[in-house]
Each structure stands twice: as structure tokens, then as C-alpha cells.
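In what follows, a structure is listed as C-alpha cells, so that the remarks can point back to it.
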Protein chains: 2
Amino acid sequence: MTDEIPEVVIERLPLYVRTLELLVGAGQEVISSRELGDLLGVTPAQIRKDLSYFGRFGKQGRGYAIAALVGQLRSILGLDRRWRMALVGVGHLGRAILAYDGFARQGFDVALAFDADPRVVGTVIDGVPVHDIAVLPDELGRSPVDIGIIAVPARAAQAVADRLVECGIFSILNYAPATLRVPAPVHVRTVDPVLQLQSMTYYLKSAEADPVPSGA
Amino acid sequence: MTDEIPEVVIERLPLYVRTLELLVGAGQEVISSRELGDLLGVTPAQIRKDLSYFGRFGKQGRGYAIAALVGQLRSILGLDRRWRMALVGVGHLGRAILAYDGFARQGFDVALAFDADPRVVGTVIDGVPVHDIAVLPDELGRSPVDIGIIAVPARAAQAVADRLVECGIFSILNYAPATLRVPAPVHVRTVDPVLQLQSMTYYLKSAEADPVPSGA
DNA sequence: TCCTGTGAAGGCTTTCACAGCT
DNA sequence: AGCTGTGAAAGCCTTCACAGGA
């Protein structure tokens, strides 16, 4: 009964949370949709509509009590608990992920790691044990996680995704430059800065051809 | 006269290019919109519609000549040349970016770097000279770049973005967990895996409450 | 027969605009 | 007066469905 809230709305909520938490830290107690919209670069109507999917959090004439709203949104998003993640691939990128403390600071713990290279299997990196990818099902059975992180070469990414799905993983954060096909209930988010650069160049190119974008 | 091609379309083109290049490498010469759609998880109609914004690249009854299509798309996106980038922030993340060869392999060169820390200013990391952020305008005047990469702490990100914009930068790849406000002609793409995790947990949470997603 | 290119339809998302509460 | 919550309108994007070419 996940009553059809548009995915775009869900994807904006973390943005609201982040900015509201900054305001809490700054001591602000109340904010209007207009003010929050200005900070985020979205329209006030969009903020009000988004929030209205989940309840009535505001006070007419005043705005939203920031601390209370943050609490509600964190609870809606499931950010009121910690989440366990398994990392697959401990090459350059995987190691950077293990060394990064930003996930843990936000409640996401990398609990275990996997790799195919026998030279790293059995080691512990930044406190995280590295297992052989072959024992993925065993280890995830013993020590279940909520989220899988893929940090392997593109050519291996689909096979890893398939295995994670087989192990009952429903959420995948994919760092490989590959399009992953997964069954419907599984969610994939891909981190791919090259793809992002490759779409920005379209506008750079157009701008060069037409240095005054307003004209003609 | 950038005749209003929806941004979502532009953002899909690099995806098409990537998959088509894989097929070229595998020796395939022709592909139908249905086949490409299957590989990418999008509808054939969407692929045909997207491509139709730019021309008529297909042959009825046959499909698209892959090599030719890749060439067209790369040219449309501006991927038929190299692009110069400036990195701001050479902390952990910035160094990982400098060490990463994936940008250069795709035609994006980090030409120079900036930081505020006097201990790194003047050094050369992975072949890239690190300048003081204070001389950003001078250095970019001397050695212009097309794209700025922000890899500084969130609290400093907006100020860096403002400076890059002042220096005439129109494209920014932002790794800081911050919402950047920039004037209209400037494009920002943000890389923020935490935000992506924070929206996936919504679905994990719902699934736990309702283990059989299909039921009433 | 197979598949593209494309108007039209359909569906989804954003924005408007205002009743109603503080 | 100020601001929310929300139906309705507008706008945008995707999908349909088919004419027409190979």
C-alpha cells in the first residue's frame, strides 16, 4: 500500500532534509515554503505539494517548524535508523569508498566487502573485512545488509548486480559505468560523473556556436 | 537558436553512446530501436523520438548503422574534441579525482587545480599543478578551461561556484553535498551518492513494513 | 515483412490560484 | 496580512499507432 507517491518527490525529500538541518544548526526555528524554495532553487508550490503527500506539517500564516519537519521527513525516508551496506570491488574506487567517512556520518555503514582478487581477500581495509566474491551468499546470509555497492569494472557490473539480487538485496548503489538491468522491486542509483560531463558538453558546444544565447 | 530540445533527452544521449560503442567493439553493425531499448531498459519509441530531434539516422526495415550513429551522437554532444577542466579542492576527494584516469579516457582533462591550503599550493599532483585559490581568475585567464570541478567542503562550495562563474565558467561538476545557486546559462551537475542512498531507503523502509509489495 | 519517423493521445509533474486558518 | 494545503489548469514527457520506405 505504498500509495503511489511519485519517485521524483521521494528524490527531493533528502534535499529538503539537508537544507533544513543546516537551518536547525543555524538556530532558525520556522521557515516558509517561499524561503526554503529560495534556498533550494525550487518553487514554493512544489515544496508545499511535495510535503502534502505525507501530511500537513505547516501552520498557516507562519510556515513550517523546522526541527519537527526534519524529524518527520527523516522518519518518512527511513533515516531514523542506520543501514548496513556491502561493497563489491575494492580496487581504487572501492578503497576510496571504504576510506570515506561521509556514508557513516549519514547513517550508512559499509559492513563488509567483497572482491575476486585473492591478494585482497582475507584482508581488512579500514576496519572492513574483504571476502571472496564466491562466498557472497554465505556471508550475506550470516551478516545481512540492506544495500549493495558496486565498484567493479563495467564489464563485471551486471553479473555482480544479478548476484546481489539473488541474495535478496533490493537497493544498489552503482559506481560502474554500466546500465544495470534488475527486476522491478529492486532500486538502482548510478553514480556516473562521466555521463554528467557528457551531457553538459552539449550546452558548451551550443554556447560556442552561439555566444549570445538570447539573440536570433 | 538551440531549438528547445528537452534536457532529459540530452541526458540520455551519452547513455546511448556508451552502449553503442560497446556494440561497435563487439563487431555489431546495425541495431534496431527495440534491441537498443532492451539493452538500456527504455522503450523503442523513446529512442526513436529522442534521435528524431537531431535528424533521421535510421533505415526503415533495418535499423541504425551503429558506427555512423555513434559518430553523429558524439558530434551532437561535443564529444569529438577534448575538454579542459579545473579542479577546486585537492583534499581526499580531489586527489582521488586527480588519480582517476576515467575522465581523460573519455576526453576530459584536468588541466589545473586550486586549493586554499598553503601546504599543497605550489605542488604538482598526478601531473597537475596546484595553485592558490586566490589566483583563480589569473590562472584561468592564462589557461582557460571549459568546466569547473568543485571538491571542497559543503560550506565553501557556493563561494567557489560564484568564483568559477565570475571567471566565465558555464559548466560545473559539483562533488560537494550542497545545493548551488548559479545564474541561468550555467549548468551544474551534482555527484552526491548520499542523496541517492537517502531516497532508496524510503523504498527499503516501505518494503519492510509490507513484505509482499503486490498485496493490498 | 520489418522497422523508422512522427503526429496525436495519454500520463505524469509542476504551477496556479484561492479558500481557509492563524 | 501571511502562509498553508489543494483542486484545477497548464506544461512537459512518454507512449501509441500508423503511414511509408527498404
Side-chain angles (χ1 to χ4, degrees), chain A residues 2-16 19-20 23 28-73 76 179 184 199 202-203, chain B residues 2-16 19-20 23 28-73 76 179 184 199 202-203:
Chain A
T2 311
D3 243 359
E4 286 342 320
I5 291 162
E7 182 147 359
V8 281
V9 172
I10 301 301
E11 287 174 359
R12 278 191 295 264
L13 297 188
L15 236 46
Y16 299 166
T19 296
L20 291 170
L23 295 170
Q28 188 172 342
E29 293 181 2
V30 173
I31 194 168
S32 67
S33 58
R34 183 181 40 70
E35 203 181 340
L36 182 56
D38 287 346
L39 290 172
L40 286 164
V42 304
T43 65
Q46 177 153 87
I47 289 171
R48 294 201 302 274
K49 178 68 100 178
D50 284 354
L51 297 180
S52 77
Y53 281 105
F54 303 97
R56 302 152 65 104
F57 305 120
K59 283 216 177 10
Q60 285 156 324
R62 252 172 91 57
Y64 300 87
I66 300 177
L69 182 55
V70 166
Q72 294 275 4
L73 292 178
I76 289 163
T179 302
S199 61
Y202 172 80
Y203 299 101
Chain B
T2 311
D3 243 358
E4 285 345 317
I5 290 162
E7 181 147 359
V8 281
V9 172
I10 302 301
E11 287 174 359
R12 278 192 294 266
L13 297 188
L15 236 44
Y16 299 166
T19 296
L20 291 169
L23 295 170
Q28 187 172 340
E29 292 180 1
V30 173
I31 195 167
S32 67
S33 59
R34 183 180 42 69
E35 202 180 342
L36 182 56
D38 287 346
L39 290 171
L40 285 165
V42 304
T43 64
Q46 178 153 86
I47 290 171
R48 294 201 301 275
K49 179 66 98 178
D50 284 355
L51 297 179
S52 77
Y53 281 105
F54 304 97
R56 302 153 64 106
F57 305 120
K59 282 216 178 8
Q60 284 156 326
R62 252 171 91 55
Y64 300 88
I66 300 177
L69 181 55
V70 167
Q72 295 274 5
L73 292 178
I76 288 163
T179 302
S199 63
Y202 172 79
Y203 300 99

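Naming: A, B, ... by sequence-line order, numbering from 1 per chain.
Rounded to a whole Å, the CG atom of L69(A) is 15 Å from the C1' atom of dC3(D). Rounded to an integer number of Å, the gap from CZ of R48(A) to P of dG7(D) is 14 Å. Straight-line distance from the CD atom of Q72(B) to the P atom of dG5(C): 11 Å, rounded to whole Å. Going from atom CG of D50(A) over to atom P of dC16(C) covers 15 Å, rounded to whole Å. Computed from coordinates, the I66(B) CD1 to dT4(C) C1' distance equals 16 Å when rounded to whole Å. Look at OH on Y53(B): it is 13 Å from C1' on dG5(C), rounded to the nearest Å. One interatomic measurement links the two molecules: CD of Q46(A) to C1' of dA10(D), which rounds to 15 Å at whole-angstrom precision. Rounded to a whole Å, the CD1 atom of I47(B) is 16 Å from the C1' atom of dC13(D).
Taking only side-chain nitrogens and oxygens, Y64(B) never comes nearer than 4.0 Å to OP1 or OP2 of dA22(D). Phosphate proximity of dT14(D) to T43(B): absent, as no side-chain N or O sits under 4.0 Å from OP1 or OP2. For R56(B), a side-chain nitrogen or oxygen approaches OP1 or OP2 of dT6(C) to under 4.0 Å.
Heavy atoms only, all atoms of each residue included: I66(B) and L20(B) are closest at CG2-O, 3.5 Å. Between L40(B) and L15(B), the shortest heavy-atom distance links the atoms CD2-O, 4.0 Å.
Comparing S33(B) and K49(B) by the nucleotide of DNA chain C whose heavy atom lies nearest to each, the residue mapping closer to the 5' end is S33(B). For S52(B) and K59(A), each mapped to the nucleotide of DNA chain C holding its nearest heavy atom, the one lying further toward the 5' end belongs to S52(B).
Side-chain proximity of A45(B) to dT14(C), dC3(D), dC16(D): nearest is dC16(D).
Counting non-hydrogen atoms of other residues, nucleotides and ligands closer than 6.0 Å to CD of E29(A) gives a total of 12 or fewer.
For the pair Y53(B)/E4(B), no side-chain contact is recorded, criterion being any heavy-atom separation below 4.5 Å from C-beta on. Between D50(A) and V42(A) the shortest side-chain heavy-atom distance does not fall below 4.5 Å.
Taking 3.5 Å as the limit, the base of dT4(C) and the side chain of Q60(B) contain a donor-acceptor pair of atoms between them.
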